[in-house]
Engineer: 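Here it is, the structure in full.
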Amino acid sequence: MVGPCIDASSKNFYKHQIVTAQNFGNDSRLCYYFSGGLNYQIEHHLFPTINHCHLPALAPGVKRICQKHGVPYNVVSGYKEALVAHLAHTAEMAVRP
């Protein structure tokens, strides 16, 4: 595995949830509205039973903890960048080792 998913095989559940998720459009009301608040994928995967309206409040704390422990906190600006990152990751994963 390469890139931000290098820790995807981690046995630590929370680390695995963080490195295999990506937030998008966190500064965009449009992204928030059209995704139903699930543009906070990292927080959603860590706290799946928390209502989406609380995820933005959790994000700064989660980001600080990630920085403290050297865990990548993947975030892009919106839908377009998220789709481009997803397609690049898919192409990367399609290459045989």
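Since the model is a prediction, treat every value here as computed from it, not as a measurement. Numbers here are sequence positions counted from 1.
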Engineer: Using 0.5 Å steps for rounding, measure from the NE2 atom of H16 to the NZ atom of K11.
Structural biologist: 12.5 Å
Engineer: With sequence neighbours left out, what residues match I65 under side chain to side chain contact (heavy atoms under 4.5 Å, CB included)?
Structural biologist: H69
Engineer: Tell me every residue that passes ring-ring contact (aromatic ring centres under 6.0 Å, His included) with Y79, counting only those two or more places apart in sequence or in another chain.
Structural biologist: F24
Engineer: Using the rule that Ile, Leu, Val, Met, Phe, Trp and Tyr join whenever any side-chain heavy atoms are under 4.5 Å apart, tell me whether V76 and L38 fall into a single cluster.
Structural biologist: no
Engineer: Take I18 and K15 through the test side-chain contact (heavy atoms from CB on, under 4.5 Å) and record every step on the way to the result.
Structural biologist: CA-CA 5 Å; I18 294 166; K15 187 175 187 180; 5.8 Å; no
Engineer: List for me each residue that meets side-chain hydrogen bond (donor to acceptor under 3.5 Å, both in side chains) alongside Q67, sequence neighbours excluded, and say none if there are none.
Structural biologist: none
Engineer: If you compare all heavy atoms of C31 against all heavy atoms of G25, which two are closest, and at what distance to 0.1 Å?
Structural biologist: CB-O, 3.7 Å
Engineer: Strictly distance-based, threshold 3.5 Å: is any side-chain N or O of E81 a donor or acceptor partner for the main-chain N or O of S77?
Structural biologist: yes
Engineer: Please write out which residues are connected to L87 in a hydrophobic cluster, directly or through intermediates, given that two of Ile, Leu, Val, Met, Phe, Trp, Tyr count as joined at side-chain heavy-atom separations below 4.5 angstrom.
Structural biologist: L83
Engineer: Please find the pair of heavy atoms, one from Q22 and one from A85, that lie closest to each other, and give the distance.
Structural biologist: OE1-CB, 3.8 Å
Engineer: Examine Y14 and V75 and state if one hydrophobic cluster contains both, with Ile, Leu, Val, Met, Phe, Trp and Tyr joined whenever side-chain heavy atoms are less than 4.5 Å apart.
Structural biologist: yes
Engineer: Quick check on the hydrophobic clustering: are I50 and V62 connected, directly or via other members, by side-chain heavy-atom contacts under 4.5 Å?
Structural biologist: yes
Engineer: Check the pair L55 / H44 against side-chain contact (heavy atoms from CB on, under 4.5 Å), numbers first and verdict last.
Structural biologist: CA-CA 7 Å; L55 299 179; H44 170 66; 4.0 Å; yes
Engineer: Will you find, in the side chains of Q41 and N74, an N or O donor that is under 3.5 Å from an N or O acceptor?
Structural biologist: no
Engineer: Keeping to residues at least two apart or across chains, list the side chain to side chain donor-acceptor pair (under 3.5 Å) pairs with something in residues 24-40.
Structural biologist: S35-N39
Engineer: Please enumerate all residues that pass side chain to side chain contact (heavy atoms under 4.5 Å, CB included) together with Q17, with sequence neighbours excluded.
Structural biologist: F13, H45, L46
